[in-house]
Novice: 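Let me begin by handing over the structure; questions about it come next.
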Amino acid sequence: MSYVDGFVLAVPKDRIDEYREFARKAGEVWKEYGARAYVECVADDAPYGEITSFPRAVQAGEGEVVVFSWITYDSREQRDAVNAKVMEDPRIKDQQMDTDAPFDGKRMIYGGFTTLLEL
């Protein structure tokens with residue numbers, strides 16, 4: 001079964017096209033180093049919940065949309081190897097230093113997940 005890195009973040013609606021390009025470039029790097037898939041999704045049915053919700057989790061404000069993303073790998077070991085290469089790639093290193101990124105990385109939620117069920 002595959003290994004998955006998951007992400008949830010808030011992106012200003014007026015910067016979603018900029019984010020799409022940012023993510024496309026990053027996804028190409030991940031895929032080049034061996035990721036199986038790189039997926040970015042924009043919420044269109046994720047209401048702000050009273051206790052928990054995707055928008056609440058990333059403190060999405062007025063004018064922001066939630067983005068839910070994942071990258072899949074063959075295994076945790078492969079993910080660790082791919083991520084090590086990606087983080088050393090200048091195309092990603094340069095983006096990490098960009099203070100004008102199209103999202104607030106401090107509010108991003110992320111983690112690695114072992115697949116429980118895959119149909």
Side-chain angles (χ1 to χ4, degrees):
M1 284 199 253
S2 58
Y3 191 82
V4 179
D5 275 339
F7 310 87
V8 181
L9 56 135
V11 177
K13 289 178 184 176
D14 63 355
R15 296 187 77 185
I16 199 69
D17 289 334
E18 183 182 349
Y19 178 80
R20 178 185 292 114
E21 183 61 17
F22 177 93
R24 185 190 62 74
K25 289 177 182 177
E28 287 174 356
V29 175
W30 258 271
K31 292 282 291 182
E32 181 180 316
Y33 286 115
R36 275 191 195 174
Y38 184 100
V39 181
E40 299 274 352
C41 306
V42 176
D44 70 350
D45 185 19
Y48 205 97
E50 290 184 31
I51 299 173
T52 63
S53 67
F54 281 108
R56 186 176 288 282
V58 294
Q59 301 171 355
E62 284 290 319
E64 290 184 317
V65 65
V66 173
V67 172
F68 175 58
S69 311
W70 66 90
I71 306 169
T72 59
Y73 310 90
D74 294 330
S75 65
R76 165 103 190 244
E77 294 75 23
Q78 188 224 12
R79 174 266 218 158
D80 292 346
V82 167
N83 280 347
K85 291 174 188 172
V86 166
M87 292 304 140
E88 289 303 314
D89 190 293
R91 295 170 290 180
I92 298 300
K93 273 186 149 178
D94 292 346
Q95 282 188 353
Q96 289 177 348
M97 302 310 266
D98 184 4
T99 56
D100 194 34
F103 64 97
D104 180 0
K106 293 178 188 145
R107 293 187 285 146
M108 179 172 64
I109 299 169
Y110 59 91
F113 298 84
T114 300
T115 301
L116 177 64
L117 175 67
E118 193 169 336
L119 301 175

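From a predicted model like this one, the values you see are computed outputs, not experimental measurements.
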Novice: Which heavy atom of Pro47 sits nearest a heavy atom of Ser53, and at what distance?
Specialist: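 That would be O-CB, 3.3 Å.
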Novice: Quick one: OH on Tyr38 to CG on Asp5, what's the gap to the nearest 0.5 Å?
Specialist: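 Interatomic distance, Tyr38 OH to Asp5 CG, rounded to 0.5 Å: 10.5 Å.
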Novice: Tabulate below the donor-acceptor pairs under 3.5 Å that side-chain atoms of residues 109-119 make, not counting sequence neighbours, or state none.
Specialist:
from: Thr115; atom 1: OG1; to: Ser2; atom 2: O; distance (Å): 2.3
from: Thr115; atom 1: OG1; to: Ser2; atom 2: OG; distance (Å): 3.4
from: Glu118; atom 1: OE1; to: Ser2; atom 2: N; distance (Å): 3.2
from: Glu118; atom 1: OE1; to: Ser2; atom 2: OG; distance (Å): 3.1

Novice: Between Val66 and Ala60, what is the shortest heavy-atom contact and its length?
Specialist: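 That would be CG2-CB, 4.3 Å.
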Novice: So how far is it from Trp30 CH2 to Lys85 NZ, rounded to the nearest 0.5 Å?
Specialist: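 Rounded to the nearest 0.5 Å, the CH2-NZ separation comes to 14.0 Å.
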Novice: Among Glu64, Arg107, Met108, Lys106, which residue satisfies the side chain to side chain contact (heavy atoms under 4.5 Å, CB included) criterion with Leu9?
Specialist: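 Exactly one option meets the side chain to side chain contact (heavy atoms under 4.5 Å, CB included) with Leu9, and it is Met108.
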Novice: Are any of the side-chain nitrogens in Asp89 or Arg91 under 4.0 Å away from the carboxylate oxygens of its partner?
Specialist: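 Between Arg91 and Asp89 there is a salt bridge, with a charged N closer than 4.0 Å to a carboxylate O.
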Novice: What's the shortest heavy-atom distance between Ala101 and Arg15, and which atoms?
Specialist: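 Taking every non-hydrogen atom into account, O-NH1, 3.3 Å.
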Novice: For Arg36, enumerate each residue passing the side chain to side chain donor-acceptor pair (under 3.5 Å) test, keeping only those at least two apart in sequence or located in another chain.
Specialist: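 In terms of side chain to side chain donor-acceptor pair (under 3.5 Å), with neighbours along the sequence ignored, Arg36 is linked to Asp74.
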Novice: side-chain contact (heavy atoms from CB on, under 4.5 Å), that's the test. Do Tyr3 and Gln78 meet it? Break it down for me.
Specialist: CA-CA 9 Å; Tyr3 191 82; Gln78 188 224 12; over 6 Å; no
Novice: Which heavy atom in Val86 sits nearest to a heavy atom in Ile92, and how many Å separate them?
Specialist: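 That would be O-CB, 3.4 Å.
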Novice: Is Val29 reachable from Tyr73 through a run of I, L, V, M, F, W or Y residues, each pair having side-chain heavy atoms under 4.5 Å apart?
Specialist: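 As far as the 4.5 Å side-chain criterion goes, Val29 and Tyr73 are connected within one cluster.
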Novice: Please report the interatomic distance CZ(Phe7) to CZ(Phe68), rounded to the nearest 0.5 Å.
Specialist: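 Here the interatomic distance stands at 11.0 Å.
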Novice: Any chance you could lay out the side-chain contact (heavy atoms from CB on, under 4.5 Å) test for Val58 and Val67, step after step, and finish with the verdict?
Specialist: CA-CA 10 Å; Val58 294; Val67 172; over 6 Å; no
Novice: If you take all heavy atoms of Ala35 and Ile71, which pair is closest and at what distance?
Specialist: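 Closest heavy-atom pair between Ala35 and Ile71: CB-CG2, 3.6 Å.
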Novice: Which residues satisfy the ring-ring contact (aromatic ring centres under 6.0 Å, His included) test with Phe103, sequence neighbours excluded?
Specialist: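 With neighbours one apart ignored, the set is Tyr19, Phe22.
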Novice: Looking only at non-hydrogen atoms, find the nearest pair between Ala46 and Pro55 and report the distance.
Specialist: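 Looking at all heavy atoms of both residues, the closest pair is O-CG, 3.1 Å.
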Novice: Would you call Lys25 and Glu28 a salt bridge, taking side-chain N to carboxylate O under 4.0 Å as the test?
Specialist: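 Answer for the salt bridge query: no.
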Novice: Is there side-chain contact between Tyr33 and Asn83, with at least one heavy-atom pair below 4.5 Å?
Specialist: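 No - every pair of side-chain heavy atoms lies 4.5 Å or more apart.
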